[in-house]
Amino acid sequence: DPKELSQPAVHGHLLTAVAPRPIALVSTVDDQGNVNLSPFSFFNVFSSDPPIMVISPAKRGKDTLINAELTKELVISIVNFPIVEQMSLSSTAYPRGTNEFIKSGLTEVESTKVKPPRVGESPVSFECTVDRIISYGDNPGAGNLIFAKVELMHIDDSYMNDQGRIDTAKLDLVARMGGSWYTR
């Protein structure tokens, strides 16, 4: 019974049992134009018509939720093996206003339809507008679902196959398992 366990215990069970989870690098900007970049394994595709992706930031910690609420825009960039170490560097808890692109060594690339930049090294990025945000409370571990409508997709041609589809083997995605475990 989750009510009889501590929040960290419930969190640990969920993270280990529900895996692998894809990892997204989510870039946002605040109302002053400061760029933020954060990784999320509470992330997935939700709908293809309209194209909707979902990320779930917690209230405390990173600035993604605050920025998404303020500006209603974000970019979701896919994490593959060649950028896994930079993704890890972007997950550090830096002070508000710190640009994690600089801290991680990833390249900011100007987006076409939204203000947040995309990750230049990512094989696939999605420029999104925030459709809605659902909050599940203020307690530690309480999730917030950000429904992000895909406005534009950027796909690196070198990851495409002869049929015009993304080649899974070339993509070499990384996913989060439980604890400190990852998978390719």
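Everything quoted here is computed from the prediction, not taken from an experiment.
For R132, the CZ atom counts as loosely surrounded, since its 6.0 Å shell holds 12 or fewer non-hydrogen atoms of other residues, nucleotides or ligands. Counting non-hydrogen atoms of neighbouring residues, nucleotides and ligands closer than 6.0 angstrom, the CG atom of D162 reaches no more than 12 such neighbours. At most 12 non-hydrogen atoms from other residues, nucleotides or ligands lie less than 6.0 angstrom from CE of M153.
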- Test M53 against F46 for side-chain contact (heavy atoms from CB on, under 4.5 Å), laying out the working first. CA-CA 5 Å; M53 302 179 105; F46 187 75; over 6 Å; no
- Task: Give the C-alpha distance, both sets of side-chain angles, the deciding distance and a yes or no for side-chain contact (heavy atoms from CB on, under 4.5 Å) between V75 and F126.
- Result: CA-CA 6 Å; V75 175; F126 303 91; 5.9 Å; no
- Message: The test is side-chain contact (heavy atoms from CB on, under 4.5 Å); show your working for T98 and K103 and say whether it passes.
- Response: CA-CA 8 Å; T98 300; K103 295 292 187 180; 3.9 Å; yes
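With contacts defined as side-chain heavy-atom distances shorter than 4.5 Å, the pair P57/F40 qualifies. With contacts defined as side-chain heavy-atom distances shorter than 4.5 Å, the pair I133/E69 qualifies. Using a 4.5 Å heavy-atom cutoff, the side chains of C128 and I76 are in contact. Counting heavy atoms from C-beta outward, M177 and T16 have side chains that stay 4.5 Å or more apart. With contacts defined as side-chain heavy-atom distances shorter than 4.5 Å, the pair N34/V29 does not qualify. With a 4.5 Å cut-off on side-chain heavy atoms, I55 and T64 count as touching.
Shortest non-hydrogen contact noted between F101 and T107 is CE2-O, 3.5 Å. Considering all non-hydrogen atoms of both residues, I78 and P123 come closest at O-CD, 3.7 Å.
Judged purely by distance below 3.5 Å, without hydrogens or angles, the side chains of E73 and T129 never pair a donor atom with an acceptor atom. Side-chain atoms of N67 and D63 include no donor-acceptor pair closer than 3.5 Å. In this structure, a donor-acceptor pair under 3.5 Å is present between the side chains of N99 and E108. Checked by atom type, the side-chain pair E100/S38 shows no donor-acceptor distance below 3.5 Å.
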Taking only distance into account, with no hydrogens and no angle test, what donor-acceptor pairs under 3.5 Å do side-chain atoms of residues 82-93 form with protein atoms, sequence neighbours excluded?
from	atom 1	to	atom 2	distance (Å)
S90	OG	M87	O	2.7
S91	OG	S88	O	2.6
T92	OG1	L89	O	3.3

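When the side chain to side chain contact (heavy atoms under 4.5 Å, CB included) test is applied to P50, the partners found at least two apart in sequence or on another chain are S47, I52, K149.
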